[in-house]
Amino acid sequence: VQLVESGGGLVQAGGSLRLSCAASGFTLDNCGIGWFRQAPGKGREGVSSLNCADGSSYYADSVKGRFTISKDNAKNTVYLQMNSLKPEDTAVYYCGADLTGLVRVGVGEIYEYDYWGQGTQVTVSS
């Protein structure tokens, strides 16, 4: 199982980025994918999650209405579209995978995800 994030970069406040989480070793049919972020000096916090089986998605209050999670089964990739970015969105963004098949309500906790990517840096300038 491998997850590879990409799409991070430097953007001005109000701008947009789309992060990708390319999965290998499993398919996006029955899984849970979560996006988490970690800002300097802070713990890793949940941003969004997707239940692969039924497509239900969840967002942290801080990003609700600005971020959208989606998946492309053909590309075996999960995306996080981030709009109206703010300086406080600056962090390393990680995707995690839960392959238990359980349908999650809410973004979930770090320990609920067994596999992680290496992260991609997002920097939002003011």
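Computed from heavy atoms alone, side chains included, the values below leave out hydrogens, waters and symmetry copies. All residue numbers in this chain count up from 1 along the given sequence. Model, not experiment: these values are computed from the prediction.
- Ion pairing of Lys86 with Asp89 is absent here, as no side-chain N (NZ or NE/NH1/NH2) approaches a carboxylate O to less than 4.0 Å.
- Side-chain contact between Phe26 and Cys31: present, with at least one pair of heavy atoms (C-beta onward) separated by less than 4.5 Å.
- The backbone N or O of Val124 lies less than 3.5 Å from a partner atom in the side chain of Thr90, making a donor-acceptor pair.
- Remark: side-chain polar atoms of Asn30 are not paired, donor with acceptor, to backbone N or O of Ala53 under 3.5 angstrom.
- Ser56 and Asn51 share a side-chain donor-acceptor pair at under 3.5 Å.
- Under the 3.5 Å distance criterion, the side-chain polar atoms of Tyr59 are left unmatched by any main-chain donor or acceptor of Val107.
- With a 6.0 Å radius and a threshold of 12 heavy atoms from other residues, nucleotides or ligands, Lys42 has its NZ atom at or below the threshold.
- Going from atom CG of Leu3 over to atom SG of Cys21 covers 4.5 Å, rounded to the nearest 0.5 Å.
- Between the side chain of Asn73 and the backbone N or O of Asp29 there is no donor-acceptor pair closer than 3.5 Å.
- Expressed to the nearest 0.5 Å, how far CG of Leu17 lies from OH of Tyr93 amounts to 9.0 Å.
- Separating the CZ atom in Arg37 from the CG atom in Leu80 is a distance of 9.5 Å, to the nearest 0.5 Å.
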Distance-only check: which donor-acceptor pairs under 3.5 Å involve side-chain atoms of residues 98-106, not counting sequence neighbours?
from	atom 1	to	atom 2	distance (Å)
Asp98	OD1	Thr100	N	3.0
Asp98	OD1	Thr100	OG1	2.8
Asp98	OD2	Thr100	OG1	3.3
Asp98	OD2	Arg104	NH2	2.8
Thr100	OG1	Leu102	N	3.3
Arg104	NE	Glu112	OE1	3.0
Arg104	NH1	Tyr113	OH	3.4
Arg104	NH2	Glu112	OE1	3.4

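- At least one donor-acceptor pair under 3.5 Å links the side chain of Ser48 to the backbone N or O of Tyr58.
- For an aromatic pair to be called close, the ring centres must be under 6.0 Å apart, and Phe36 with Trp116 satisfies this.
- Atom CD in Glu5 sits 12.0 Å away from atom CD in Gln121 (nearest 0.5 Å).
- Applying the side-chain hydrogen bond (donor to acceptor under 3.5 Å, both in side chains) criterion to Asn83, with sequence neighbours excluded, gives Ser16, Gln81.
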